[in-house]
Amino acid sequence: FGVWGDWNAATTGAGSTVQQGIVIRFVVPTSVGQGSGSNPVSGGVTWSGAMTGVRFGDAGPGAEVSGDAAMTVDLGGATLDLAFTDIAELGSGTGVGDIGWQGVAMQEGGFRADGLDGRFYGPAHEEAGGVFERDGIAGAFSLGRD
């Protein structure tokens, strides 16, 4: 399962393998596309879309989750706020708490913070996306400029 736009795509895979009799469980979030290479400096300052992920813990990958994603950019300060809300497990519908970052610095078309790695996509920053790991969820997100 995944989320995508015209300029990027994001997905989260999970699985396990056995190596020398040891079970290795993994979660692999991925975000790919045509990066802008620069920060937005004009135009609308909000992007909205979706996130997808997999819960994880000591027992390995768990339930798949999805939710809404929203980002607001401070063009003058070159920072952004990113929030994932209405997150729920796909099978059961069980709600999961919101996840967010505030005041994340933008640099050369990308943005990074603890547990977050994202970038802007498209020649005019039409989209943004990336991967994250926070609060027991590893996942990816894709947003379109409003």
Side-chain angles (χ1 to χ4, degrees), residues 1-19 22-40 44-75 77-146:
F1 64 107
V3 290
W4 55 90
D6 293 330
W7 300 97
N8 79 337
T11 188
T12 304
S16 64
T17 185
V18 177
Q19 299 292 320
I22 299 171
V23 177
I24 300 171
R25 295 173 178 87
F26 56 89
V27 177
V28 182
T30 305
S31 177
V32 296
Q34 181 181 346
S36 66
S38 64
N39 297 340
V45 296
T46 59
W47 284 252
S48 59
M51 58 76 64
T52 183
V54 174
R55 295 183 102 172
F56 67 90
D58 293 339
E64 297 173 341
V65 300
S66 67
D68 297 329
M71 184 171 71
T72 303
V73 170
D74 175 353
L75 297 173
T79 62
L80 60 85
D81 296 339
L82 176 64
F84 302 145
T85 59
D86 297 323
I87 304 168
E89 293 183 0
L90 294 182
S92 69
T94 301
V96 177
D98 295 346
I99 299 172
W101 294 263
Q102 292 78 40
V104 177
M106 300 182 298
Q107 186 174 20
E108 298 177 1
F111 46 95
R112 290 185 180 83
D114 185 31
L116 174 66
D117 185 9
R119 60 200 36 79
F120 291 96
Y121 293 106
H125 313 99
E126 294 92 337
E127 296 173 2
V131 298
F132 69 94
E133 183 178 317
R134 180 171 274 185
D135 298 342
I137 298 174
F141 62 96
S142 179
L143 307 149
R145 196 169 195 167
D146 295 330

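We count residues from 1, following the sequence as given.
Taking CG from Asp86 and CG from Asp98, the interatomic distance works out to 7.0 Å, rounded to the nearest 0.5 Å. Taking CZ of Phe111 as the start and CG of Asn39 as the end, the distance is 10.0 Å to the nearest 0.5 Å.
Looking at residues two or more places apart in sequence or on another chain, you find a side-chain contact (heavy atoms from CB on, under 4.5 Å) between Ser38 and Ser36, His125. Take Thr94 and apply the side-chain hydrogen bond (donor to acceptor under 3.5 Å, both in side chains) test, not counting sequence neighbours, and it matches Ser92. For the side-chain contact (heavy atoms from CB on, under 4.5 Å) test, residues two or more places apart in sequence or in another chain that qualify with Asp146 are Thr46, Ser48. Every residue meeting the side-chain contact (heavy atoms from CB on, under 4.5 Å) condition with Val28, not counting sequence neighbours, appears here in chain and number order: Phe26, Thr30. Residues satisfying the side-chain contact (heavy atoms from CB on, under 4.5 Å) criterion with Gln19, sequence neighbours excluded, are Thr17, Ile24. The side-chain hydrogen bond (donor to acceptor under 3.5 Å, both in side chains) test applied to Thr85 returns no partner, not counting sequence neighbours. With sequence neighbours left out, Thr72 forms a side-chain hydrogen bond (donor to acceptor under 3.5 Å, both in side chains) with no residue at all. Residues passing the side-chain hydrogen bond (donor to acceptor under 3.5 Å, both in side chains) test with Glu108: none are found, sequence neighbours excluded. Annotation: salt bridge (charged side-chain N to carboxylate O under 4.0 Å, His left out) contacts of Asp117 (sequence neighbours excluded): Arg112, Arg119.
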Take Met51 and Val65 through the test side-chain contact (heavy atoms from CB on, under 4.5 Å) and record every step on the way to the result. CA-CA 8 Å; Met51 58 76 64; Val65 300; 4.3 Å; yes

Check the pair Phe120 / Trp7 against side-chain contact (heavy atoms from CB on, under 4.5 Å), numbers first and verdict last. CA-CA 9 Å; Phe120 291 96; Trp7 300 97; over 6 Å; no

Take Asp6 and Tyr121 through the side-chain contact (heavy atoms from CB on, under 4.5 Å) test and state the conclusion after the steps. CA-CA 9 Å; Asp6 293 330; Tyr121 293 106; over 6 Å; no

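Judged by distance alone, the side chain of Glu127 and the main-chain N or O of Asn8 form a donor-acceptor pair under 3.5 Å. No donor-acceptor distance shorter than 3.5 angstrom exists from the side chain of Arg55 to the backbone of Val96, with no hydrogens or angles considered. Judged purely by atom type and a 3.5 angstrom limit, Asp81 uses its side chain to pair as donor or acceptor with the backbone of Gly103.
Here the closest non-hydrogen pair linking Gly5 and Ser142 is N-OG, 3.9 Å. Nearest heavy-atom pair, Arg145 versus Gly44, reported as atom, atom and distance to 0.1 Å: NH2-O, 2.6 Å. Minimum interatomic distance between Ser31 and Gly129 (heavy atoms only, all atoms of both residues): OG-C, 3.7 Å. Among all heavy-atom pairs drawn from Thr11 and Ala140, the shortest one is O-CB, 3.7 Å. Nearest heavy atoms, Pro29 versus Gly139: CB-O, 3.1 Å. Minimum heavy-atom separation, Pro40 to Val73: CG-CG1, 4.4 Å.
Remark: of the listed residues Leu82, Thr12, Thr52, Leu82 is the sole one forming a side chain to side chain contact (heavy atoms under 4.5 Å, CB included) with Phe141.
Residue pairs that meet the ring pair (Phe, Tyr, Trp, His ring centres under 6.0 Å) test with at least one member in residues 87-110, sequence neighbours left out, are Phe84-Trp101. Applying the salt bridge (charged side-chain N to carboxylate O under 4.0 Å, His left out) test to every pair with at least one member in residues 128-142, sequence neighbours left out, gives no pairs at all.
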